[in-house]
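Structure record follows, encoded as structure tokens.
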Amino acid sequence: MALNLDKSAAAFAEAKQNMPGGVNSPVRSYRGVGGTPPFIASASGSRIVDIDGNEYIDYVGSWGPMILGHAHPIVTAALQSALLRGTSYGAPTLLETELAKKVRQAVPAMELVRMVNSGTEATMSALRLARAFTKRDRIVKFDGCYHGHHDSLLVKAGSGAATFGVPDSPGVPTSVAHTSLTLPFNDIAAMEELFVQQGELIAAVIIEPVPGNMGMVLPQDGYLAKVRELTAHYGILLIFDEVMSGFRVALGGAQAHFGIKPDLVCLGKVIGGGLPVGAYGGRHDIMSCISPSGPVYQAGTLSGNPLAMTAGLATLGEIMDNPDFYPQLTAKTKALCEGIGAAAAATGVAIQSHQLGSMFGLFFNANPVTDYASAATSDQAAFKVWFHTMLEQGVYLAPSQFEAGFMSAIHSDADIEKTLQAAKVAMQAVAKSNKQ
Ligand code: HOZ
């Protein structure tokens, strides 16, 4: 049932002549799973179509932003009309305040919001702010959490860095890496021990409250509350990186779901409706240190770009005006995960399946996955078989076990049914390969 990817293969060969690895972001290269990445020609609703004409049900959703599905008519109409008013001014607009108000309404911990262009920019800026505010240098991150590709956080990083085995990238100065301390996720004893030794030197703890970059992992009961308590005790700022989980696990993100108030929050993905956006925000007294209110410098020619603000506003409008939005999205995601779990059980394949709101993930692992060390014991060979068998049947998943999957509001019951039929075949293929 091999896919015809001839045009994609030719396009990939040409891309490699022009760009490192043929891509502009590493996991897209399929190096972890082998084969040719389909080159995408178009997307609509729950489907994407490649340049060979293959159509797929898409659970990557541009790695999270496409919560309404692709080319949603309200978003595209808003963008079409915004386009005619010009694409960038480098000057204030009403749109920026409107989006900031909507973000603050959904995420009240963001008392002031600064728009940037990506999640990486948001976490980078939030760390600088935290260091300036606390007058401390060290920061704490968690093994397997990924917060973008800037120096302070490219240490024991997840996502593509974990997929390709470069969690500590060359090029990050040792002096910078030494200020980034790492802890295992879900391990309070390790955090207590570190804080006893160095708590008064640490500016911030940055955490994906629901990690999606070591695959999807869930915080254990009471874990985030304890992280909040300990950071407050030591005067350490708590930064929730909700670039992925924001507007995904709940309208107000993981912080709403678990009832935790961080000091700073980073967002991206959904709030840009598929255009490049990031944002950081938080306590008024901390955010007031940002230039021009305060001395901490951060700027951007395209920050608050009118097209990005327009797509974000249209997307959040659809989400926030519909009280059934999250219950329906969550129910679909649950049905998908339960069906995949049943397909695995029927074939005797051991998996760990995780889901919260519209984010999901699965590990080929017989044991619970609670942190990066346990995620890393998952069966990579089984994942490859699963991934390619799903792709061949028209289901587009992230090409790495260290990434999450995303449901959109436009995925239909028929899409889910078709996906589950494919999952039965793929789990049989995994079971067969396990026996070989
Ligand atoms: N770092 C993103 C996933 N966690 C991948 C982005 C992309 O390759 O488009």
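First listed ligand is number 1; within each ligand, the first listed atom is number 1.
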List the closest protein heavy-atom neighbour of atom 2 (C) of ligand 1: residue, atom name, distance to the nearest 0.1 Å. Ser159 OG, 4.0 Å
Fit a plane to each ring of Tyr59 and His411, take the angle between them on a 0 to 90° scale, and name the class: parallel (under 30°), tilted (30 to 60°) or perpendicular (over 60°). parallel
Which ligand 1 atoms are under 4.0 Å away from a heavy-atom of Val27? 5 (C), 8 (O)
With respect to Asn213, determine whether any N or O atom, backbone or side chain, lies less than 3.5 Å from an N or O atom of ligand 1. yes
If we only count N/O pairs under 3.5 Å, is Glu403 in contact with ligand 1? yes
Under a 3.5 Å cutoff, is there a donor and acceptor pairing between the side chains of Gln298 and Arg114? yes
Are any of the side-chain nitrogens in Lys261 or Glu111 under 4.0 Å away from the carboxylate oxygens of its partner? yes
Please write down residue, atom name and distance for the protein heavy atom closest to atom 9 (O) of ligand 1. Arg28 NH2, 2.7 Å
Of all protein heavy atoms, the one nearest atom 8 (O) of ligand 1 is Ser25 OG, 2.8 Å
Considering the options Ile202, Ile286, Leu237, which one meets the side chain to side chain contact (heavy atoms under 4.5 Å, CB included) requirement together with Thr134? Leu237
Does the pair Lys226/Asp187 count as a salt bridge with the N-to-O cut at 4.0 Å? no
